[in-house]
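See below for the structure under consideration.
This chain uses plain numbering: 1 for the first residue, then up along the sequence.
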Amino acid sequence: MNPLEHFFTRRFKQGTLLVAAFILCLQVPLNAQKIPRQTLISMTSEWEGERYPDGRPKVPADVLERMEEVSIEEAWGTLRQHDYHNQFAGGPWKILKPGEVMVGRALTATYYPARPGVQKHISEQQEKAGHTGPTNTWPIDMLNQGDLYVANGFGKIKDGTLIGDRLGNTIYANSGNGVVFEGSSRDREGLSEIEGFNAFVRDWDPSFIQHMMLIGLNTPTLIGEATVMPGDVVLAKQTGVIFIPAHLAEEVVIDSERTRLRDGFAHQRVQDGTYTAGQMDTEWTDEIRQDFENWLRSNSEELQEKFGVGQATIDELLEE
């Protein structure tokens, strides 16, 4: 596929999903941009844990904290095992702080090129819902601690900057987190001064937002080639951004922790000359398995700190 065909194919996929989300949103009588709570619950029905009042899954904070140690490849592998093949959004990303990991629960927004009649209708409906100020502030007002603001600005760079440093400060105050934008941002220098805030955007531009309208708020959206649902766990690293369905978040973490422990044991035993690399890379013998079990039992607290794993993961390995 040549670059021109790739561009139009990607835009067609984006348009198809977002039009479907828009049609769904219009079925809501008093808030034209949000989907009903029960609909969101139905679309994320495999999640059985706590939810926000609007129906968005609320993955526990300890799972988010442990997710920071997970690699993109590990998360991708677990999701593929469950037939989730379209959850990774690759580059080119312009990352505000490349060395810092971002993890959070997705709160989504979708923007379209402005159209006066539609924009007027949206404004009227949203005023009834209690929103004030410009539409690009509405998602920010909804953020909770642990959330991560995810927005599709249809890739617009000039005049498509969804935030600047003032809104960035508000985002961090509300969520303790940053943003992932299929679009742009301004005030890169000012944003970089916010400790703990990070941003993955398609580019930076000094212009301010113009001729855009908020068409979806806390609805399914599209980032790169990834379908994102409200409440997905967002894992953003230098490799890219992966969106993990809420019901698979803990499994992703546990799979990663198990891999870390096995790899840590193998590296240590190869380095001290107990086993060869070949022995570690093939099916372990009963002797090696017993050695691994003893290693887990005798170093439990140290391993939790060194590898960032939970005691529950160590206990599960011991049970096996």
Side-chain angles (χ1 to χ4, degrees), residues 13 17 21 35 37-52 54-90 101-108 144-152 175 177-178 180 182 200 218-263 304 307-317 319-320:
K13 289 179 179 178
L17 177 65
I35 57 178
R37 181 178 190 276
Q38 200 54 47
T39 301
L40 182 52
I41 291 174
S42 177
M43 296 173 81
T44 56
S45 60
E46 291 176 283
W47 170 253
E48 298 179 350
E50 185 180 358
R51 293 180 180 268
Y52 287 104
D54 61 10
R56 190 162 54 102
K58 187 178 181 181
V59 173
D62 73 296
V63 175
L64 299 183
E65 183 178 349
R66 291 158 63 193
M67 187 69 73
E68 293 182 8
E69 302 294 332
V70 177
S71 73
I72 295 291
E73 289 76 13
E74 289 168 342
W76 180 85
T78 299
L79 296 187
R80 295 271 291 188
Q81 291 173 14
H82 291 274
D83 292 330
Y84 283 85
H85 303 287
N86 303 297
Q87 300 307 122
F88 175 72
V101 179
M102 273 201 307
V103 174
R105 309 176 192 93
L107 188 144
T108 62
N144 299 283
Q145 285 295 308
D147 286 345
L148 202 155
Y149 180 27
V150 178
N152 185 326
S175 69
N177 235 324
V180 172
E182 186 68 35
F200 281 59
N218 231 19
T219 61
T221 195
L222 193 66
I223 301 295
E225 298 181 354
T227 300
V228 187
M229 287 296 297
D232 278 358
V233 173
V234 185
L235 175 61
K237 293 192 165 186
Q238 287 183 285
T239 303
V241 187
I242 195 162
F243 303 93
I244 302 163
H247 69 282
L248 293 177
E250 188 168 16
E251 182 176 340
V252 165
V253 165
I254 290 174
D255 283 353
S256 171
E257 291 178 349
R258 291 161 67 98
T259 299
R260 255 175 281 153
L261 288 169
R262 290 181 182 277
D263 287 349
Q304 291 180 62
F307 295 103
V309 304
Q311 181 61 47
T313 303
I314 294 176
D315 291 341
E316 286 186 11
L317 283 170
E319 287 178 8
E320 293 176 3

Just wondering, do V180 and M102 contact through their side chains at under 4.5 Å, heavy atoms?
yes
Taken in chain and number order and not counting sequence neighbours, the residues that satisfy salt bridge (charged side-chain N to carboxylate O under 4.0 Å, His left out) with E320 are R258
Using the side chain to side chain contact (heavy atoms under 4.5 Å, CB included) rule, take V233 and V63 through it: C-alpha gap first, then chi angles, then the decisive distance, then the call.
CA-CA 10 Å; V233 173; V63 175; 5.7 Å; no
Return the minimal non-hydrogen interatomic distance between W47 and K58, and the atom names on each side.
CZ2-O, 3.6 Å
With a 4.5 Å cut-off on side-chain heavy atoms, are D263 and F307 touching?
no
Among residues at least two apart in sequence or on other chains, which ones pass ring pair (Phe, Tyr, Trp, His ring centres under 6.0 Å) with Y84?
H247
Report yes or no: does T259 contribute a side-chain atom to a donor-acceptor pair with the main-chain N or O of D255 at less than 3.5 Å?
yes
Please list, chain by chain and in numerical order, all residues satisfying salt bridge (charged side-chain N to carboxylate O under 4.0 Å, His left out) with R56, sequence neighbours excluded.
D147
For a 4.5 angstrom cut-off between non-hydrogen side-chain atoms, does S256 reach T78?
no
Value rounded to 0.5 Å, distance of CG in D54 from CG in N218:
5.0 Å
More than 12 non-hydrogen atoms from neighbouring residues, nucleotides or ligands closer than 6.0 Å to CD on E65, yes or no?
no
Exercise: identify the closest heavy-atom pair between I244 and A75
CD1-CB, 4.1 Å
Tell me the closest heavy-atom pair linking V59 and A246, and the distance in Å.
CG2-CB, 3.7 Å
Are any side-chain N or O atoms of N152 and backbone N or O atoms of L222, one a donor and one an acceptor, separated by less than 3.5 Å?
yes
Close side-chain approach of V101 and M67, heavy atoms under 4.5 Å
no
Taking the side chain as every heavy atom from C-beta outward, state whether E257 and I314 have any pair of such atoms under 4.5 Å apart.
no
Check whether E182 reaches the backbone of A151 with its side chain - one donor and one acceptor, N or O, closer than 3.5 Å.
no
Closest non-hydrogen atom pair between D232 and P245, with its separation
OD1-CA, 3.5 Å
Without swapping roles, check the side chain of K237 against the backbone of V70 for a donor-acceptor pair under 3.5 Å.
yes
Could you tell me which residues satisfy ring pair (Phe, Tyr, Trp, His ring centres under 6.0 Å) with Y149, sequence neighbours excluded, listed by chain and number?
F181
Keeping the roles fixed (side chain from R66, backbone from V253), state whether a donor-acceptor pair exists under 3.5 Å.
no
Do V241 and I223 have side chains that get closer than 4.5 Å, going by heavy atoms?
no
Side-chain donor or acceptor of E74 paired with backbone N/O of S71 under 3.5 Å
yes
Taken to the nearest 0.5 Å, the spacing of L40 CG from R51 CZ works out to 6.5 Å
For Q238, check side chain to side chain contact (heavy atoms under 4.5 Å, CB included) against everything at least two apart and list the hits.
P98
Straight-line distance of Q87 CD to I72 CD1, nearest 0.5 Å:
12.0 Å
Got V103 and L148 here, is their nearest side-chain heavy-atom distance under 4.5 Å?
no
Any non-hydrogen side-chain atom of V150 less than 4.5 Å from a side-chain atom of F243?
yes
Could you tell me which non-hydrogen atom of L64 sits nearest to which non-hydrogen atom of G146, and how far apart they are?
CD1-O, 4.0 Å
I need the minimum non-hydrogen distance between M229 and A106, along with the two atoms involved.
O-CB, 3.9 Å
For the residue pair R260 / T313, report whether a side-chain donor-acceptor contact shorter than 3.5 Å exists.
no
State the CG-CG distance between N86 and L79, to the nearest 0.5 angstrom.
11.0 Å
Between R105 and Q145, is there a donor-acceptor pair closer than 3.5 Å when you use the side chain of the first and the backbone of the second?
yes
Just grab all the ring-ring contact (aromatic ring centres under 6.0 Å, His included) pairs involving residues 61-83, residues at least two apart or on different chains.
none
How long is the straight-line distance from CZ of F88 back to CD of E73, given to the nearest 0.5 Å?
8.0 Å
Run the side chain to side chain contact (heavy atoms under 4.5 Å, CB included) test on I35 and M43 for me, step by step, so that the C-alpha distance in whole Å, both residues' side-chain angles and the decisive distance to 0.1 Å come before the verdict.
CA-CA 10 Å; I35 57 178; M43 296 173 81; 4.0 Å; yes
